[in-house]
Amino acid sequence: MSYDKPNRVKYTFGNFDFGAAADEQFNIIGPKGKKGRLFDYGVEGTIEVMNGSSTTPKVSVGNGSSAVAYGSNLDINALADNTAKSVRSTVREAVDGAFTAYMTAASRTIPADTQIRVNCIGAAGSPTGQATPFMIIDWDD
């Protein structure tokens with residue numbers, strides 16, 4: 001499999017209220033028989049400032065067995081209106097060692113025909129925050 005010219009697909013999941021203090025999961029299954037690699041994940045289209053005083057809002061990418069199988073918890077606290085935050089907007093893959101802390105799976109490889117789950121962790125304690133969670137996956141040719 002080559003990622004020189006990936007079949008890159010962005011999945012967005014509509015507006016989510018991180019301030020409601022309730023967690024949510026959004027699921028997809030990739031193209032039949034295709035392996036994938038997580039490229040990026042986070043939130044965009046923020047329409048209410050992100051905040052949480054005791055539990056901060058977070059996004060991760062996983063599967064049915066582990067909420068962080070492919071992408072560890074990305075803290076999106078203190079994000080202003082009309083902004084976005086993702087792993088790649090926060091750390092640089094080639095330079096920053098923190099990149100591998102977020103992209104948790106070896107090579108971020110997603111097995112074929114596997115359910116992939118974006119996990120949205122709601123804020124608690126004076127919470128606010130609404131945004132659109134997303135993930136970007138490169139699929140095998």
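Distance CD1/Ile136 to OH/Tyr11: 11.0 Å, rounded to 0.5 Å.
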Using residues 122-135 as the side-chain source, report each donor-acceptor pair under 3.5 Å to any protein atom, sequence neighbours left out, with the distance given to one decimal.
residue	atom	partner	partner atom	Å
Thr128	OG1	Val49	O	2.6
Gln130	OE1	Asn15	ND2	2.8

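In this structure, the side chain to side chain donor-acceptor pair (under 3.5 Å) partners of Glu44, at least two apart in sequence or on a different chain, are Lys10. Remark: Ser66 pairs with Asn63, Val68, Ala69 by the side chain to side chain contact (heavy atoms under 4.5 Å, CB included) rule, at least two apart or across chains. Scanning for ring-ring contact (aromatic ring centres under 6.0 Å, His included) contacts around Phe39 gives an empty result, with sequence neighbours left out. Taking Asn73 as the reference, nothing meets the side chain to side chain donor-acceptor pair (under 3.5 Å) condition, with sequence neighbours excluded. Scanning for side chain to side chain contact (heavy atoms under 4.5 Å, CB included) contacts around Asp75 gives Thr56, Lys58, Asn77, with sequence neighbours left out.
The only option from Val118, Ile137, Thr114 that meets the side-chain contact (heavy atoms from CB on, under 4.5 Å) definition with Tyr70 turns out to be Thr114.
The two residues Ala101 and Ser72 make their nearest non-hydrogen contact at O-CB, 3.3 Å.
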When you look at Val59 and Val43, which way does the side-chain contact (heavy atoms from CB on, under 4.5 Å) test go after all the steps?
CA-CA 8 Å; Val59 176; Val43 296; 3.7 Å; yes
Dump the intermediate steps for side-chain hydrogen bond (donor to acceptor under 3.5 Å, both in side chains) on Asp40 and Ser86, then the final yes or no.
CA-CA 7 Å; Asp40 199 9; Ser86 73; 2.9 Å; yes
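Note: Phe16 and Phe26 have perpendicular aromatic rings, judged against thresholds of 30 and 60 degrees for the angle between ring planes.
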